Every structure is written in structure tokens, then in C-alpha cells.
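Keep in mind it's a predicted model, so treat the numbers as computed, not measured. Just so you know, these numbers use all the heavy atoms, side chains as well, and skip hydrogens, waters and symmetry mates. Naming: A, B, ... by sequence-line order, numbering from 1 per chain.
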Amino acid sequence: MKQVNRKKNTRPKKTFKSELKRRFDMWLLQHAQAFIFSLGQYIKYPVSNILTTAVIGISLALPASFYLLLDNVRYVSSSWDGSVQITLFLQTNVDEARAAEFANILSDSNNINETVLIKRADALAEYQKLSGFAEALNTLDENPLPNVVLVKPNLDSSNEAETETLIKELEAMPEVDSAQYDSRWLKRLLYLLDIVNRLIVILSTLLAIAVLLIIGNTIRLSIHNRRSEIEITKLFGGTDSFIQRPFLYSGLWYGVFGGIIAWLLITISMQMLHGPVKQLANLYASDFQLIGLGFGNSVILLACGIALGLLGSWIAVKRHLRSIEPV
Amino acid sequence: MIRFTNVHMNYPGGNEALRNINLHIEQGAMVYITGRSGAGKSTLLRLIALIDRHTRGQIIINGQNLERVRNRRIPIFRRHIGFMFQDHRLLNDRTVFDNVALPLVIAGYRHQEIRKRVQAALDKVSLLQKVNSYPMALSGGEQQRVGVARAVVHRPAILLADEPTGNLDPALSLDTMKLFEQFNQVGVTVLIASHDLDMIRRMSKRIITLKAGRVLPLGGTPTES
Ligand SMILES: Nc1ncnc2c1ncn2[C@@H]1O[C@H](COP(=O)(O)OP(=O)(O)O)[C@@H](O)[C@H]1O
Ligand SMILES: [Mg+2]
């Protein structure tokens with residue numbers, strides 16, 4: 001112990017604060033070393049690491065893009081939801097002038113946004129043009145179609161009861177023959193979206209587990225490959241946290257790069273879909289545009305990658321480092 | 001420095017590797033542990049480094065009762081010990097510098113300090129010119145000297161060497177022993193397990209002979225009471 005004693009005696013008395021600072025510096029230094037070392041390991045074996053990262057990236061990109069798709073469908077359907085309208089078929093004895101007056105009166109009502117009158121003559125002309133029954137219709141001496149008023153309610157369309165009351169009121173009016181309001185298809189769509197949403201949750205969970213397994217297995221292999229190094233490090237007094245740090249950091253790198261790959265895949269796909277979707281939307285006279293990841297979702301995607309990377313490597317480290325002698 | 005009192009070591013499976021060992025090795029001593037293969041030499045060194053824990057008796061190292069050293073503290077405890085192995089166990093994907101630097105990196109030294117100490121250690125084993133080589137590019141004797149440099153670079157209080165000359169010819173073996181002697185002269189307590197009796201006798205140091213897990217009372221110097 002001569003040496004150690006001498007060292008101790010020449011060392012100036014340390015205050016608690018400077019000792020704390022020394023420890024913090026050391027901690028920081030060792031983190032920086034592990035950070036850089038693990039990145040170096042990543043670059044050292046590019047092929048296998050890029051393959052692993054690509055698999056992680058695809059596994060992250062799949063559920064993320066499904067969520068994005070769902071977001072877009074929800075957005076589109078919510079705009080339909082707002083445009084739900086009630087169709088009023090007027091009595092055949094109501095002529096066009098009275099129909100126009102009626103439509104006008106309705107539009108002044110509180111729970112109605114606007115009304116559009118489709119005159120029976122216009123409706124017939126349109127129908128003749130579209131149906132191809134022009135000849136047959138010509139033989140009729142009278143126009144069989146009624147005047148129609150389209151009513152856009154000023155109600156929260158999710159409030160079923162209010163809408164029902166409005167329809168009842170409208171139907172009770174003498175001018176109205178029948179009122180039609182079909183919200184069932186929309187409901188079905190919403191239920192369907194709910195099911196799809198759950199499917200995506202299940203899929204995301206499965207793929208998250210897959211990512212954990214991939215990262216865990218990769219880290220397990222690299223622990224195995226560096227077994228002798230770990231043994232020597234333990235013999236020379238490396239603590240568990242010192243030994244596991246580079247492995248945790250490589251899990252972090254897999255997560256980061258996997259997240260970046262997923263982001264690129266999604267962004268490129270969105271770019272490719274952008275044009276066709278715009279053309280489709282134009283056909284429907286809609287200015288709809290695909291909703292992309294945006295900043296918030298990109299951050300979430302990257303955070304998921306990092307969390308899975310760290311968790312996967314942490315599990316592998318806990319399971320496999322213990323088994324290496326000496327303890 | 002090192003005191004064994006009635007120490008027994010049973011490996012799991014009932015293998016009794018050490019039986020009732022009583023030893024005292026003073027600080028700054030240089031001691032050879034000899035005996036046939038399977039006599040328990042490696043086990044003795046493993047107990048000192050807490051690689052295995054003894055099953056009965058008391059071991060005190062540097063004032064510390066090993067039973068009181070909890071598993072969490074083992075890494076810190078080992079930083080006062082340097083190791084040497086027969087198969088040197090260098091990391092083949094690291095340069096000589098990185099291999100020797102390992103104990104210092106573990107202990108969290110700063111880069112400049114590491115540089116200084118690694119160079120000093122490599123200088124002592126006359127390998128300064130090989131600092132950037134990889135172990136595979138070195139001869140067996142050179143690899144062994146890198147192992148020596150790594151074992152002493154962090155200035156341990158105790159140096160444990162398990163068959164350090166097992167793969168070397170007599171001349172190189174003697175060189176390695178001379179190196180150990182130099183470290184011993186600056187205060188390091190050195191324990192060398194070896195069955196190379198010819199060489200051991202030439203070094204004229206204390207000899208502890210093990211046989212089937214027991215200390216024989218006919219070492220190189222009078223046995224302890
Ligand atoms: N890990 C182990 N598990 C079980 N038995 C062991 C283990 N290591 C050594 N032994 C046994 O302990 C005895 C002493 O071994 P060892 O200390 O390696 O002897 P030496 O180094 O003198 O050749 C031998 O009988 C050996 O078989
Ligand atoms: Mg042995």
C-alpha cells in the first residue's frame with residue numbers, strides 16, 4: 001500500500017463540493033465516451049447495422065403511416081359530417097313560386113343555416129339528361145317530380161335528438177310531403193373508423209414488440225461478441241453501469257436512426273401521394289390536401305424510436321450481462 | 001496486507017478447492033504460489049479478487065474483511081488490484097494503447113492523465129514504439145509485456161499473476177519476473193501463481209506450496225504460524 005498511501009498524502013484535502021464536481025465531470029466524461037464509442041461501433045459495422053436499422057425504420061413507419069391515413073380519413077369524413085343536409089320533398093300541388101317563398105321562410109329559421117331550392121322543371125331536365133329516359137319522360141304530359149328543398153341545419157350534427165326534432169317539425173309543415181335524412185352511412189363509417197383505429201393499436205403494439213425483439217437480439221449478439229472485453233472490464237473494476245452504458249447508447253442509436261428512416265419513408269410516400277390525391281379532390285371540387293406528419297408527430301415518432309431502442313437494449317443488458325463471469 | 005484465516009472454498013458441486021488455508025502476506029512482499037495443476041492456485045487468487053467468494057473462514061485484504069464487501073462495492077474494491085493471465089487476454093480489436101488504458105478508462109481518468117500513465121507503463125516494459133499496434137501484430141513475449149503494463153498502469157496495491165509465464169521460453173519468463181520484481185520494489189505486493197519451479201527457485205522469494213487445497217509446511221521460507 002506504499003503507493004496508495006503516498007498518493008493520498010500528496011492529495012490536497014478536498015471539499016465536498018469539489019468532490020461532487022469531480023464526480024460529475026467523471027460521469028459526464030464516461031457518458032461522452034460511451035456515446036462516441038457506441039456511434040463508432042455503429043459506423044464500424046455499416047452493413048449489418050443499416051439492415052437492422054432499416055427493419056426498425058419500416059416497423060415504425062407502418063403503424064405511423066396507418067395512423068396518418070386514419071387522420072386523413074377522419075378529416076375528410078368530418079367535413080362530410082358538417083355538410084349533412086335534410087332533403088324536403090314538397091307536395092306536388094305546391095308550385096314553384098310558393099316553393100321559393102317557402103324555402104326563403106325556412107332559411108330565416110334559427111336552426112337552419114341555408115336552403116337551396118331545386119325547381120321541379122330543373123330537376124326533370126337534369127334527370128332527363130342523366131338517366132337516358134328522355135323519350136319515356138317526354139311521353140308524360142305532366143312533370144312527375146316535386147319541388148325539392150335542401151336544408152342545411154344549423155345544429156351540431158352529432159346531436160341526434162335535435163336533428164330528429166327538426167325533421168319532425170319540417171315534416172309536419174303542410175307544404176312538405178316527406179323529409180329525408182340519412183345519417184346511417186356516416187355512423188357506419190365512424191364505427192368502421194373506430195374498428196380500424198383499434199386494429200392499428202393492435203398492429204402498433206405487435207410491431208413495437210417486434211422492434212424490441214430486434215433491438216434486444218442485436219444487443220444480445222453484440223454483448224456476446226464482446227464477452228471477453230466485458231470480462232476484462234469487470235476484472236479491472238468496471239461497474240455494471242459502466243459496462244452497460246455503451247450497449248444502452250447503441251440501443252439509442254438504433255432508435256434514433258430507425259426513427260429517422262421511418263420519417264423519411266413516410267415523408268417520401270406522402271410526397272408521392274400528394275399529386276394524385278389533389279387531382280382526386282379536384283374532381284369532388286374539394287381543396288383537400290393530405291395531412292402530413294407535421295412537427296409534433298415527427299417528434300413523437302422519433303421519441304417512440306428512442307424509447308423502444310433504450311427499452312430493448314435495457315432488457316437485453318439486464319438479461320445477458322449478469323450471466324458473464326466474474327460477477 | 002493479505003490474511004487468510006481458516007479459509008475453505010467449496011465450488012458448487014462439492015468440489016473442495018481449498019481447505020483450511022492460513023496465510024499472511026505482508027504489504028510489499030513478493031510471493032510465489034506453487035503446486036500441481038488443480039492444487040488450488042488459481043482459486044486462491046480468485047478469492048483475493050472476489051471473483052469467487054470463499055465458503056468458510058476469514059479473508060482480510062488491505063484491512064477489509066471480504067465478507068463485508070457487498071457485491072455493489074466489488075468493482076471499487078478491484079480497482080486496487082492488477083491482473084495478469086497466462087493467455088494475457090488482450091482485446092484484439094484494440095490497439096496496445098487502448099488495451100493498456102482500459103483500467104484507467106474504467107476508473108474515469110482524464111485523457112491527458114491516461115496518456116501520461118500509459119506511456120510510462122509501456123516505457124517500463126519497453127514497448128513504447130508499439131503503442132499503436134494491434135496485439136495480433138506482436139510476438140508472444142511482447143503481448144505478455146502489454147499484459148504486464150495493463151496490470152500495473154493504474155498503480156494497484158496488489159498484483160495478481162496467474163501462470164504469467166506459462167507460454168514463454170525460460171529467457172522471456174525470467175524477463176517478466178524481473179519486471180515484477182521492479183514493481184515490487186516500488187511497493188506493489190505481488191502474488192504469482194506458477195508451477196515453473198526452476199524459475200521460482202532462481203528468484204529466491206517466499207514460496208507457498210499448495211497440494212490438494214492445503215498449504216504445505218515446506219515452502220521456500222519458514223511457514224507462518
Ligand atoms: N469454476 C469451478 N467450478 C468447480 N470447480 C472448480 C472451478 N474452478 C476450479 N475448480 C476445481 O478446484 C480445484 C482447484 O482448481 P484451480 O484453483 O484452478 O487449480 P490450479 O490453478 O492450481 O490448477 C480443481 O479441482 C478444480 O477442478
Ligand atoms: Mg490455475
Relative to chain A, which segment of F85(B) carries a heavy atom at a distance below 4.5 Å: side chain, backbone, both, or neither? side chain
Please check if atom CZ in R3(B) has more than 12 non-hydrogen atoms from other residues, nucleotides or ligands closer than 6.0 Å. no
Contacting moiety of L235(A), where chain B heavy atoms sit under 4.5 Å: both
Check for a donor-acceptor pair, side chain of R78(B) on one end and backbone N or O of K234(A) on the other, with a separation under 3.5 Å. yes
For residues 219-244 of chain A, which residue pairs qualify under ring-ring contact (aromatic ring centres under 6.0 Å, His included), counting only residues two or more places apart or in two chains? F236(A)-F83(B), F236(A)-H154(B)
What's the spacing between H111(B) NE2 and L29(A) CG if we round to 0.5 Å? 10.0 Å
If one checks every heavy atom of E229(A) against chain B at 4.5 Å, the contacting part turns out to be both
Picking from I81(B), L91(B), I158(B), which has the most non-hydrogen pairs under 4.5 angstrom with chain A? L91(B)
Distance-only, no hydrogens or angles: does the Q30(A) side chain make a donor-acceptor pair with backbone N or O of I106(B) under 3.5 Å? yes
Measure the spacing between CD of Q41(A) and CG of D93(B) and express it to the nearest 0.5 Å. 7.0 Å
Select one option (side chain, backbone, both, neither) describing which atoms of R150(B) are under 4.5 Å from chain A's heavy atoms. both
Should we count NE2 of H195(B) as having more than 12 external heavy atoms under 6.0 Å? no
